[in-house]
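For reference, the structure discussed in these notes is given below.
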Amino acid sequence: MSIREQEVDQARERAGVLRWLEGAVASSVSRGELLQQTVDLIHSKLPTYNWVGFYMLDPTDSSMLELGPFAGAATPHTRIPVTEGICGAAVAQGETVVIDDVNSDPRYLSCSIETKSEIVVPIRAHGAIIGEIDIDSHTAAAFGREDRVFVERCAEILGGYFGGEGFRGRPFR
Ligand code: SME
């Protein structure tokens, strides 16, 4: 497949994930199942997205992110203070963080020696950050403008879901 064909293919896959997610949030699936199915689908459809997971703010301690459903290798980082890591930076800055070369960023907390780039996108419900989507790639600079738009749209759909169902307490248990 040429690079152009791969781009068209990935754009099609991203659009398919968004269509699926819009349907899934309108179904009666549980929070935990919804988040697990979301990461499994994104991980299986987009070949450079090698680890896809959720970190959600601990409802009893908003200075701490807790690992939620994920697809990919197990990570030692099951709880991350918002003062640490790329994951913490996305909450502290209140915006998407894209790192093209994780090894050149001193904030980076390593999950796999194979990871080369990362994107972290906050999820908001009623304007407040409740968690984030974290994606790692074994490819350097894997997350371009279209990836960012795609992951931000996923976060927006999920934020609407959590907000719409009167989110309180734990998002995935
Ligand atoms: N790299 C993240 C830690 C989470 S693992 O990648 C799954 C960070 O720097 O916050």
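We count ligands from 1, going down the list as the structure has it; atoms in each ligand are counted the same way.
- Remark: ligand 1 atoms within the under-4.0 Å shell around heavy atoms of Y108 are 1 (N), 9 (O).
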After noting the C-alpha distance and the side-chain angles of E22 and R19, does the key distance pass the salt bridge (Lys or Arg N to Asp or Glu O under 4.0 Å) rule?
CA-CA 5 Å; E22 280 164 351; R19 270 197 308 277; over 6 Å; no

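- At a 4.0 Å heavy-atom cut-off, ligand 1 touches W51 through the side chain alone.
- Annotation: L109 places an N or O atom under 3.5 Å from an N or O atom of ligand 1; distance criterion only.
- Among all heavy-atom pairs drawn from T115 and V102, the shortest one is O-CG2, 3.4 Å.
- Checked by atom type and distance alone, the side chain of H43 pairs as donor or acceptor with a backbone atom of N50 at under 3.5 Å.
- In this structure, Y161 contributes its side chain and L34 its backbone to no donor-acceptor pair below 3.5 Å.
- The protein non-hydrogen atom at the shortest distance from atom 2 (C) of ligand 1 is E118 OE2, 3.3 Å.
- Ring to ring, Y49 and F143 are close: their centroids are under 6.0 angstrom apart.
- Between I86 and ligand 1, a contact under 3.5 Å exists for at least one N or O pair.
- Ligand 1 has a nitrogen or oxygen under 3.5 angstrom from a nitrogen or oxygen of D136.
- Atoms of ligand 1 found under 4.0 Å from any heavy atom of G85, numbered from 1 in the order shown, are 8 (C), 9 (O), 10 (O).
- Heavy atoms only, all atoms of each residue included: P69 and L35 are closest at CG-CB, 3.7 Å.
- Close N/O approach between C87 and ligand 1 is found [any backbone or side-chain N/O within under 3.5 Å].
- Going from atom CD of Q10 over to atom CG of D147 covers 7.0 Å, rounded to the nearest 0.5 Å.
- No chain of hydrophobic side-chain contacts below 4.5 Å, direct or via other Ile, Leu, Val, Met, Phe, Trp or Tyr residues, connects I135 to V120.
- Checking only distances, E84 never comes within under 3.5 Å of ligand 1, N or O to N or O.
- Only side-chain heavy atoms of D134 come within less than 4.0 Å of ligand 1; its backbone N, CA, C and O stay farther off.
- Nearest non-hydrogen protein atom to atom 7 (C) of ligand 1 is C111 SG, 3.3 Å.
- At least one heavy atom of Y55 sits less than 4.0 Å from an atom of ligand 1.
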